[in-house]
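What follows is a structure written as C-alpha cells; I'll ask about it next.
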There are 2 protein chains.
Amino acid sequence: MRQAESDLVRALPLFENVSEKHFDELMSTAFLQRFPRGVTLIREGDLPDFLHIVVEGTVELFASHDSHETALDILEPVTTFILAAVIRDDVYLKSARTLTPAQILMIPAPAVRNAFDRDAAFARALVNELAVRYRCVVRSLKNEKLRNSAERLANWLLQEEAHQGNNRRVSLEIDKRTLASRLGMTPENLSRNLAQLSKHGVSKSGADLAIDDIAALRQFAKPNSLIDQ
Amino acid sequence: MRQAESDLVRALPLFENVSEKHFDELMSTAFLQRFPRGVTLIREGDLPDFLHIVVEGTVELFASHDSHETALDILEPVTTFILAAVIRDDVYLKSARTLTPAQILMIPAPAVRNAFDRDAAFARALVNELAVRYRCVVRSLKNEKLRNSAERLANWLLQEEAHQGNNRRVSLEIDKRTLASRLGMTPENLSRNLAQLSKHGVSKSGADLAIDDIAALRQFAKPNSLIDQ
DNA sequence: TTGGGGGATTGATTATTATCAATTGGCAGC
DNA sequence: GCTGCCAATTGATAATAATCAATCCCCCAA
C-alpha cells in the first residue's frame, strides 16, 4: 500500500488514536485492491473475512428478498462497511457491489478483533464508529416510515445540494435506477417525482438539476434534523 | 436497588465480564424507578442524561414527524436503550414511552462513558451490544423496504409464535394500535390484513390468534433469516 | 342490568406506489 | 451521419395503503 493511501486510512476517525504499533500491525495484514465497476464485493448470508474500507470510488450496499432488491446505502470514501458483522463474527445482512471502479482496503476480520482487544483507543473508536452507523440506519428507517417517496426525494436533493457545495446545483453521480432504489421507489416513480418537484423550485438543466427556489423546496420537503444529514 | 434486581442487571451480557468494582461503581450512581403506563421517558431531540434499561414492563420506541408518529421498536426486559446517543453524547433520535407499568434502571451517561474508558470488558460488551442493535435496525429497514404490510404481519406472527412457546397460539400483549404502527400500517389495515390471513392458516380465537396451518402461513410469509429473528 | 366510551372492525373513497407497455432520447460503435 | 441499444420517460392500469366515516363490540361503571 502506498504512503498516500496509508495516510488516508490513518486519518480515519477509526484509527485516529490507535498506537503506531497496532496500526502498523493492522496494515501489515491488510491489502488494498482495485475493482472494476459492478463487482459484488460481499454477499448477504456469507461470513465476514475482512473489514472493508472504501478508499476510492462508490459502493452500494443492498439486500435482496423474494426476487426484489433494494439499495440500503451508498458509500463514498472514506467509509468502513460491514463493521457489525466483523465484530459479531456473524453473517452479512447486506451485500455490496462497486458502482464505479473502486479501491477497497481489506483488513482481515481476526486482525480487527485482535486489535480491538489490545488497543483501548481502537476499541473506543470502534464503538464510536458503530454508534454513528447505528444512528444512520435509524435515520433511514424514520425516513422510510414517516415520509412518502416525493418527500424522500426532495430531502435527498437538499442534502446533495449541501454536500455538493451549496451552489444550487445537483449533479446525479449515480444512475437513476440505483438512486430510485436507495430512495425506496421505482425508477418510473423517480421520474414522476422529479417532474412533480418542478412545482417546488426544482428544474432540470441537462443531465443535472438546479434548485431555483430553495425556500419552496424546503417548504415541501420539511427537512428534519432528526431524520436527515 | 434490591439484590434480585441487581442480579438481573448483572446477568445482562453488557455487564457479564465487567469487574465487580466497576459494576458496583456504575450501580452506585444508578437508580431504579417505577413508572405507570403511558409515561414518556425520553423525547427525541433531547440530550441523553441516562442509559436506560428496561427491567420490567414494556417500552415503545417511537418517532414523530409532521404530525405523524411511528413505532420503531417495542422493548421487553431486559434491554438497554438509547445506548448510541449516550456513547456519542448526542441528541436522541427516538422517543420512548411505557406501554405498561414499568421498572427502568437509569445509569447516568457520564458514568457509562467513564466505565467504558476504564473497563476493557465493558468496552468490548458495549461494542457487541451496539453491533447487535445495529443489526436489528438493519433487519427492520429491510423488512420495511422489501415486504408489503401483509407480509410484515405474517412474519411478525411467526416470530411471536416462536417467542411465545411454539404452541400455535399468539396472544396480543400490546394493543393493536401500537402493533399496527410497529408494523408500518394503520390500525384499519392491520384489521384487514389479519382478516386476509385467514386464507393462510390463521384464525382468531377470542382475543388471541391461532395458527392452524403453520406451513401455509410460512408459504405466504416467506420468512428470511436475514430479515427476521 | 343498562348505558357510555373507546378501541376494533368494516365500508367507501382517495392517495400513493408498483407494474406493464409504449415511446422517447441520448450515445457508442460503425 | 446512421443504427441499435439501453436507460429514461410517459401513459395506462392494477395493487397497496391511507383516510374518513359509520357501525360494532366489549368492558366497565353506575
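Source: prediction; values computed, not measured. Each chain gets a letter, A, B and so on, in the order its sequence line appears, and its residues count up from 1.
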Checklist entry - Between atom CG in L209(B) and atom C1' in dA8(C), what is the gap in whole Å? => result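 Result: 13 Å.
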Item to check | L146(B) CG - dA18(C) P separation (whole Å) | outcome: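 Rounded to the whole Å, the gap is 12 Å.
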Item to check | Closest-nucleotide ordering on DNA chain C, the 5'-leading residue of T186(A) and A195(B) | outcome: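 This one resolves to A195(B).
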Checklist entry - Parallel, tilted or perpendicular: which fits the ring planes of F81(A) and H52(A), with parallel below 30° and perpendicular above 60°? => result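 Answer is tilted, since the angle falls between 30° and 60°.
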Checklist entry - Within this structure, what is the CG-to-C1' distance between L99(B) and dG7(C), rounded to whole angstrom? => result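 The answer, rounded to whole Å, is 15 Å.
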Checklist entry - In whole angstrom, what separates D66(B)'s CG from dT19(D)'s C1'? => result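 Those two atoms, CG and C1', are 15 Å apart.
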Checklist entry - What is the distance, rounded to the nearest whole Å, between atom CZ of R147(B) and atom P of dA17(D)? => result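 The answer, rounded to whole Å, is 13 Å.
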Item to check | Test item: side-chain donor near acceptor, S171(A) and E173(A), under 3.5 Å | outcome: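 Side-chain D/A pair, S171(A) to E173(A): present.
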Checklist entry - Tell me: CG of D175(A) to C1' of dA7(D), nearest whole Å? => result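 Rounded to whole Å, this separation is 9 Å.
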Next on the checklist: For a quick test of reading the model: is some side-chain N or O of H68(B) closer than 4.0 Å to OP1 or OP2 of dT19(D)?
Outcome noted: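 Checking H68(B) against dT19(D): at least one side-chain N or O falls below 4.0 Å of OP1 or OP2.
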Next on the checklist: Taking any heavy-atom pair under 4.0 Å as a contact, classify S149(A): base, sugar-phosphate, or nothing.
Outcome noted: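 Answer is sugar-phosphate: S149(A) comes under 4.0 Å of backbone atoms only.
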Next on the checklist: Both E188(B) and N193(B) contact DNA chain D. Taking the nearest nucleotide for each, which residue is further toward the 5' end?
Outcome noted: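 Upstream on the strand: N193(B).
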Next on the checklist: For a quick check of understanding: with a heavy-atom distance under 4.0 Å over all strands, which category does N189(B) fall into, base, sugar-phosphate or nothing?
Outcome noted: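 Base contact.
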Item to check | Exam field: side chain N148(B) to backbone A150(B), donor-acceptor pair closer than 3.5 Å | outcome: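 Side chain of N148(B) to backbone of A150(B): a pair is present.
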Checklist entry - Does R152(A) come within less than 4.0 Å of E144(A), counting only side-chain N to carboxylate O? => result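 E144(A) and R152(A): salt-bridged.
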Next on the checklist: Taking any heavy-atom pair under 4.0 Å as a contact, classify R192(A): base, sugar-phosphate, or nothing.
Outcome noted: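 Base contact.
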Next on the checklist: Whole angstroms only, please: what is the CE-P distance between M185(B) and dA18(D)?
Outcome noted: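 To the nearest whole Å, that distance equals 8 Å.
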Item to check | Interatomic distance, L179(B) CG vs dA8(C) C1' [rounded to whole Å] | outcome: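 The distance from CG of L179(B) to C1' of dA8(C) comes to 13 Å, rounded to the nearest Å.
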